[in-house]
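Side chains included, hydrogens not; waters and symmetry mates left out as well; all remaining heavy atoms used.
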Amino acid sequence: MKIKRALISVSDKTGVVDFARRISAAGVEIVSTGGTMKALKDAKVPVTYVSDVTGFPEIMDGRVKTLNPYIHGGILAVRDNDKHMRELKEHKITPIDLVVVNLYPFKETIAKPESTLSDAVENIDIGGPAMIRAAAKNFKFVTVVTSPSRYDAIADAIEKDGCTSGMLRMELAQEAFRHTAEYDDCIQEYLKEQINK
């Protein structure tokens, strides 16, 4: 299935501009959030702001930006389910075929000696894991990327075939669920330490 639209929202911006430039040149429309969108715009990569997709601004200091049916409907729709596709059309939701997300730097934040509980809490990502898990659940149709180390292989596949293979999507889904599981484990361990202080 051809990758036509990507959502890119990353804390670790390593390699993201080159990756986005490659897939954009291959015809993929890119949707992005605040900091990532600015990095892409500054590099002259065509990008659509997520608020222009949702019709709603990023609010609460960025705590709420992608938690929206225009995003999650686009990710979770089962593409060979006629009812799902009718509902996308009815609600004017465009499918999202590629989700490139890595999470707020929780582990790096708590490693700083001056880090407070408040700092830690603000670095608990909510929208990121939701998008990663949605894309990973729908790996039959959606490619999910959580590591910059995968950018070249994904861009190569898009440039060559316009899509990724089913086996690669399943591998990436497994990596994505491992990523969110490790992230949540780090958070719960940190909170356990705070309770036991």
Side-chain angles (χ1 to χ4, degrees), residues 3 5-17 19-20 23 28-41 45 47-78 88 91-110 115 117-139 141-148 150-151 154 169 172-188 190-191:
I3 293 176
R5 194 181 218 201
L7 192 150
I8 305 179
S9 179
V10 292
S11 288
D12 176 0
K13 294 179 178 49
T14 305
V16 77
V17 169
F19 173 70
I23 66 170
V28 177
E29 177 199 357
I30 296 171
V31 174
S32 193
T33 56
T36 306
M37 185 200 70
K38 183 181 183 319
L40 298 182
K41 261 197 164 157
V45 177
V47 61
T48 300
Y49 186 32
V50 73
S51 292
D52 293 333
V53 173
T54 63
F56 205 86
E58 291 188 23
I59 60 170
M60 300 173 190
D61 301 316
R63 280 185 167 207
V64 180
K65 52 193 168 210
T66 58
L67 299 167
N68 186 286
Y70 283 104
I71 301 301
H72 287 274
I75 296 170
L76 282 164
V78 175
L88 283 184
H91 297 288
K92 298 179 176 58
I93 298 171
T94 304
I96 295 169
D97 311 301
L98 170 63
V99 172
V100 182
V101 174
N102 56 54
L103 304 174
Y104 292 170
F106 183 84
K107 192 182 228 172
E108 294 78 359
T109 299
I110 62 170
S115 179
L117 177 60
S118 177
D119 295 332
V121 167
E122 284 312 309
N123 277 278
I124 296 174
D125 203 322
I126 303 301
M131 287 187 291
I132 289 170
R133 290 175 58 83
K137 174 176 179 167
N138 206 20
F139 70 84
F141 306 101
V142 178
T143 304
V144 60
V145 183
T146 56
S147 170
R150 287 292 201 163
Y151 290 170
I154 303 303
R169 289 193 302 276
L172 291 165
Q174 184 272 325
E175 285 177 20
F177 281 119
R178 185 183 66 218
H179 184 60
T180 57
E182 288 170 356
Y183 191 77
D184 283 343
D185 191 51
C186 182
I187 294 167
Q188 69 85 18
Y190 171 80
L191 292 175

_Distance in Å, Thr36 OG1 paired with Ile8 CD1, rounded so as to fall on 0.5 Å steps_ = 8.0 Å
*Nearest-0.5 Å distance that lies between atom CD1 in Ile3 and atom CG in Asp97*: 6.5 Å
*The single option from Ile93, Leu76, Val53 passing side-chain contact (heavy atoms from CB on, under 4.5 Å) against Ile71*: Val53
*asked:* Go through it in stages, so that I can follow the logic: the residues are Val99 and Val142, the test is side chain to side chain contact (heavy atoms under 4.5 Å, CB included), and I'd like the CA-CA distance, side-chain angles, deciding distance and then a yes or no.
replied: CA-CA 7 Å; Val99 172; Val142 178; 4.2 Å; yes
*Worked verdict on Leu7 versus Ser9 for side chain to side chain contact (heavy atoms under 4.5 Å, CB included)*: CA-CA 7 Å; Leu7 192 150; Ser9 179; 4.0 Å; yes
*Under 6.0 Å from the CZ atom of Arg133, do we count more than 12 heavy atoms belonging to anything else shown?*
no
*For Asn138 and Ala77, work out which heavy atoms get closest and say how close.*
ND2-O, 2.9 Å
*Does any N or O in the side chain of Asp119 come within less than 3.5 Å of the main-chain N or O of Ile110, such that one atom is a donor and the other an acceptor?*
no
_Can you confirm whether or not the ring centre of Phe56 sits under 6.0 Å from the ring centre of Tyr70?_
no
*What do you reckon, is NZ of Lys13 surrounded by more than 12 foreign heavy atoms closer than 6.0 Å?*
yes
*For Glu122, which residues count as a salt bridge (charged side-chain N to carboxylate O under 4.0 Å, His left out) partner, sequence neighbours excluded?*
Arg63
_Could you measure the distance from the CD1 atom of Ile30 to the NZ atom of Lys41? Nearest 0.5 Å is fine._
13.0 Å
_Taking the side chain as everything from C-beta on, heavy atoms only, tell me whether Thr146 gets closer than 4.5 Å to Val101._
no
*asked:* Show the nearest heavy-atom pair for residues Ala136 and Phe177, with the distance to one decimal.
replied: CB-CE1, 3.3 Å
*Flag side-chain contact, heavy atom, 4.5 Å: Lys107 against Glu182*: no
*For residues Val50 and Met37, determine if any side-chain heavy atom of one lies less than 4.5 Å from a side-chain heavy atom of the other.*
no
*Of all heavy-atom pairs between Val78 and Phe141, which one has the smallest distance, and what is that distance?*
CG1-CE1, 3.6 Å
*Verdict with reasoning, Leu117 to Tyr190, per side chain to side chain contact (heavy atoms under 4.5 Å, CB included)*: CA-CA 9 Å; Leu117 177 60; Tyr190 171 80; 3.8 Å; yes
*With side chain to side chain contact (heavy atoms under 4.5 Å, CB included) as the test, would you mind laying out the steps for Ile23 and Leu98 before giving the verdict?*
CA-CA 10 Å; Ile23 66 170; Leu98 170 63; 3.9 Å; yes
_With a 4.0 Å cut-off on N to O distance, would you call Glu175 and Arg150 a salt bridge?_
yes
*Sequence neighbours excluded, which residues qualify as side-chain contact (heavy atoms from CB on, under 4.5 Å) partners of Asp12?*
Thr14, Asn102, Pro148
*asked:* Strictly distance-based, threshold 3.5 Å: is any side-chain N or O of Arg169 a donor or acceptor partner for the main-chain N or O of Thr143?
replied: no
*Check Ile132 against Ala176 and note the closest heavy-atom contact, atom names and distance.*
CG2-CB, 3.5 Å
_Over all atoms of both residues, closest heavy-atom pair of Val47 and Ser32_ = CG2-CB, 3.5 Å
*Can you find a heavy atom in the side chain of Tyr151 that is under 4.5 Å from one in the side chain of Val16?*
yes
_Spatial distance of atom CD1 (Ile124) from atom CD1 (Ile126) [nearest 0.5 Å]_ = 6.5 Å
*Identify the two heavy atoms, one from Leu67 and one from Ala130, that lie closest to each other, and give their separation to 0.1 Å.*
CD2-CB, 4.1 Å
*Nearest 0.5 Å please: distance from the CG atom of Asp125 over to the CZ atom of Phe106.*
11.5 Å
_Pairwise distance CG(Asn123) to CG(Leu103) - rounded to 0.5 angstrom_ = 11.0 Å
*Using a 4.5 Å cut-off on heavy atoms from C-beta on, say whether the side chain of Glu29 contacts that of Val31.*
yes
